[in-house]
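Report on the following structure.
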Amino acid sequence: MDEQILENLIRQVLEQSGPEVSFGWQGGEPTLMGLDFFRKVIELQQKYGNGKIVGNGLQTNGLLLNEEWADFLKEYNWLVGLSLDGPQHIHDHYRLTANGKPSWNIVSKNARMLLEKGVATNVLSCLTDYSADYIEEIYNYHKEMGFDFMQFIPIVEPDRQNPRKAADFSLSPEKYGEVLCTLWDLWINDFKQGVPTTSIRHFDSVFHTYVGVPAPECTLQKECGVYTVIEHNGDVYSCDFFVEPKWKLGNIKEGKLINMLNSKKQHQFGCMKAKLPRKCKSCSYLKHCFGGCTKDRVKDLKDNGMPRFCTSYKMFFAHAHTQLQEMGRNWIAQQMQMQKQMETQQNDGTYNAFDDFLKKK
C-alpha cells in the first residue's frame with residue numbers, strides 16, 4: 001500500500017466514523033511493510049483523529065518482530081494477534097518457511113519478548129487435521145507461556161485438485177466438536193471462585209448469547225457485513241473471506257468508504273448469512289450459533305448448503321448447554337443485584353458516580 005492510499009484510507013475512516021474506531025492491519029504478513037509504514041499510520045491517525053479514540057490491531061506470524069517493534073507496539077497500545085500453533089512439533093508441522101525450514105524457534109522467542117515487554121498479545125492457533133489431536137497440549141502450552149487470551153481457528157480450505165471437497169489438512173466437523181468439548185472442560189476447570197482465568201474467544205462470544213446480548217464475533221451473529229476490507233490498491237470488499245469480484249464494493253480513490261459500508265451490495269452480503277437451511281431454522285441452538293461463518297456454508301458444496309460445523313456446534317452445545325444456561329442465569333442475577341444496590345445508593349444519597357466509573361475501569 002502506498003502512502004497516498006494509506007492517507008486516503010485513514011482520513012476517510014476517521015472523518016466518516018463515530019467517536020471510537022478500530023483498524024485491523026493484516027496481510028499476507030503486514031510486518032513486511034516495515035516499521036516506518038506503521039509509524040506513518042500513527043502520524044496520520046493523529047493528524048485526522050480529531051479527538052477520537054483509535055484502536056489498532058496487528059495480525060502477524062511473528063517472524064520479523066524484534067525489540068524495536070515491541071517497543072512501538074507497547075508505546076501506542078496496539079493489540080497483537082500472534083499466530084502460534086502450540087509446542088514445536090505442532091507449530092512446525094505446517095508452519096514452515098518458503099524454503100521448508102521450521103519457524104517455531106523464532107516465533108516462540110518473539111512471543112516471550114512481547115509478553116515480557118507488556119505488549120497486549122492474543123495467541124491465535126489454527127486447528128488442522130494434525131493440531132486438533134493435541135488440543136490439551138496446546139492449551140497448557142499457551143497457559144505456561146503466559147497467554148490469557150486465546151483464539152482457536154478451524155481451518156477449512158478447498159482441495160486444489162478438486163475444489164468441491166475440503167483439503168486433507170482441513171478440520172473435520174467431528175474433530176472440531178471434540179476439540180470444543182475438550183477445550184470447554186479445560187477452561188471450566190481453570191475457573192477460580194467462579195471466574196474464568198483464561199479468555200477463549202469462541203466461549204466468550206457464545207456466552208453473550210446466553211444473557212440476551214448479541215455475540216461480538218461476526219461468526220455467531222444473525223447477519224454479518226459490519227466491516228469492510230481495504231486492499232493495498234484501495235479496492236474495498238465485503239469480507240476478508242470474500243475478496244472476489246462479486247463482492248467488490250468499490251475503491252476508496254473513487255468513492256466514500258461509508259457509502260460502500262452502507263451500500264445495497266454490502267447489505268445483501270450481510271443478509272446472506274441468515275439464509276439458512278430449514279433444518280437450521282428449527283434447531284433449538286440456532287440463536288447461539290446462527291449457522292457459523294458464511295464461508296463455511298456457501299463454499300462447502302459437499303454439505304449442500306448446510307453449515308460445515310453444524311455437527312461440531314451440536315456436539316458442543318450438548319456438552320456445555322446446561323452449564324452455559326446456569327452461568328447466564330448467575331450473571332444476570334449479579335447484574336440485577338448490582339443495579340438494585342446502585343439504585344438504593346442513589347436514593348439514599350450515598351452513590352458516587354466517579355467511584356462507579358473507577359470500578360468499571
Side-chain angles (χ1 to χ4, degrees), residues 24 26-30 59 61 81 83 85-86 90-98 100 103 124-135 138 151-180 201-202 217-221 223-225 227-233 235-249 265-266 268-277 279-280 289-316:
Q26 302 190 44
E29 173 51 44
Q59 174 58 41
N61 61 27
S83 296
D85 289 344
I90 302 170
H91 181 91
D92 283 343
H93 188 79
Y94 285 123
R95 289 191 183 274
L96 304 175
T97 62
S103 62
L124 278 65
S125 298
C126 290
L127 295 174
T128 64
D129 65 322
Y130 182 81
S131 64
D133 289 333
Y134 303 96
I135 191 59
I138 296 171
Q151 184 177 347
F152 297 93
I153 306 169
I155 297 301
V156 184
E157 293 290 341
D159 184 83
R160 291 185 178 182
Q161 303 301 322
N162 181 7
R164 295 181 63 85
K165 77 180 193 71
D168 291 340
F169 58 78
S170 298
L171 187 66
S172 72
E174 294 75 18
K175 181 59 71 173
Y176 186 37
E178 293 173 9
V179 165
L180 289 175
R201 188 187 185 198
H202 183 73
E217 187 179 354
C218 57
T219 298
L220 301 181
Q221 293 175 2
E223 295 182 359
C224 52
Y227 68 91
T228 58
V229 172
I230 296 92
E231 290 288 285
H232 68 94
N233 62 354
D235 285 345
V236 182
Y237 293 88
S238 294
C239 170
D240 49 322
F241 290 117
F242 290 85
V243 178
E244 51 195 51
K246 182 179 179 180
W247 298 113
K248 181 180 175 181
L249 304 176
K265 181 178 286 191
Q266 181 70 345
Q268 179 187 358
F269 173 81
C271 290
M272 185 169 61
K273 187 177 189 301
K275 296 178 181 178
L276 291 163
K279 287 183 179 180
C280 289
C289 77
F290 289 112
C293 183
T294 308
K295 76 173 177 64
D296 296 327
R297 181 165 72 247
V298 301
K299 291 192 175 184
D300 187 7
L301 302 179
K302 179 182 176 182
D303 291 331
N304 297 315
M306 280 295 292
R308 176 179 176 84
F309 293 119
C310 176
T311 299
S312 321
Y313 292 145
K314 285 183 176 179
M315 290 171 64
F316 169 68

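Hydrogens, waters and symmetry mates play no part in the numbers below; they use all other heavy atoms, side chains included.
No side-chain heavy atom of Leu220 sits less than 4.5 Å from a side-chain heavy atom of Phe290. Residues Arg95 and Ser83 have side chains in contact (heavy-atom distance under 4.5 Å, counting atoms from C-beta outward). Using a 4.5 Å heavy-atom threshold, the side chains of Asp235 and Val243 count as separate. Using a 4.5 Å heavy-atom threshold, the side chains of Tyr134 and His93 count as separate. Contact check for Ser172 versus Asp129: no side-chain heavy atoms found under the 4.5 Å cut-off. At a threshold of 4.5 Å between non-hydrogen side-chain atoms, the residues Ser125 and Ser131 do not count as touching. Side-chain contact between Leu180 and Met315 is absent, with no heavy-atom pair separated by less than 4.5 Å. Side-chain contact between Ser103 and Leu96 is absent, with no heavy-atom pair separated by less than 4.5 Å.
The neighbour count for Asp168 CG, taken as heavy atoms of other residues, nucleotides or ligands under 6.0 Å away, does not exceed 12. For NZ of Lys314, the number of neighbouring non-hydrogen atoms (other residues, nucleotides, ligands) closer than 6.0 Å is 12 at most.
With hydrogens and angles ignored, the 3.5 Å screen pairs a side-chain donor or acceptor of Lys273 with a backbone N or O of Thr219. In this structure, the side chain of Asp85 does not engage the main chain of Ile90 through any donor-acceptor pair within 3.5 Å. A donor-acceptor distance shorter than 3.5 angstrom exists from the side chain of Lys265 to the backbone of Lys248, with no hydrogens or angles considered. A distance-only check finds no donor-acceptor pair linking the side chain of Gln59 to the backbone of Gly24 [under 3.5 Å].
To the nearest 0.5 angstrom, Glu223 atom CD is 4.0 Å from Cys271 atom SG. Note that the CD1 atom of Ile153 and the OG1 atom of Thr128 stand 12.0 Å from one another [nearest 0.5 Å]. Atom OG1 of Thr294 is separated from atom NZ of Lys275 by 11.0 Å, given to the nearest 0.5 angstrom. To the nearest 0.5 Å, atoms CG (Asn61) and CG (Leu124) are separated by 12.0 Å. Atom CZ in Phe309 sits 10.0 Å away from atom CD in Glu174 (nearest 0.5 Å). Atom CG of Leu127 is separated from atom NZ of Lys175 by 11.0 Å, given to the nearest 0.5 angstrom.
For the side chain to side chain contact (heavy atoms under 4.5 Å, CB included) with Tyr176, the qualifying choice from Val156, Ile155, Leu171, Thr311 is Leu171, the only one to do so. Checking Tyr237, Tyr227, Phe269 one by one against Phe242, the ring pair (Phe, Tyr, Trp, His ring centres under 6.0 Å) holds for a single residue, Phe269.
Under the 3.5 Å distance criterion, with hydrogens and angles disregarded, a donor-acceptor pair is assigned to the side chains of Ser238 and Gln266.
For the residue pair Ser312 and Pro173, the shortest heavy atom distance occurs at OG-O, 2.7 Å. Here the closest non-hydrogen pair linking Gly28 and Pro30 is O-CD, 3.6 Å.
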Q | side-chain contact (heavy atoms from CB on, under 4.5 Å) assessment of His202 paired with Phe152 | A | CA-CA 8 Å; His202 183 73; Phe152 297 93; over 6 Å; no

Q: Let me see the working for Arg308 and Cys293 under side-chain contact (heavy atoms from CB on, under 4.5 Å), right down to the final yes or no.
A: CA-CA 9 Å; Arg308 176 179 176 84; Cys293 183; over 6 Å; no

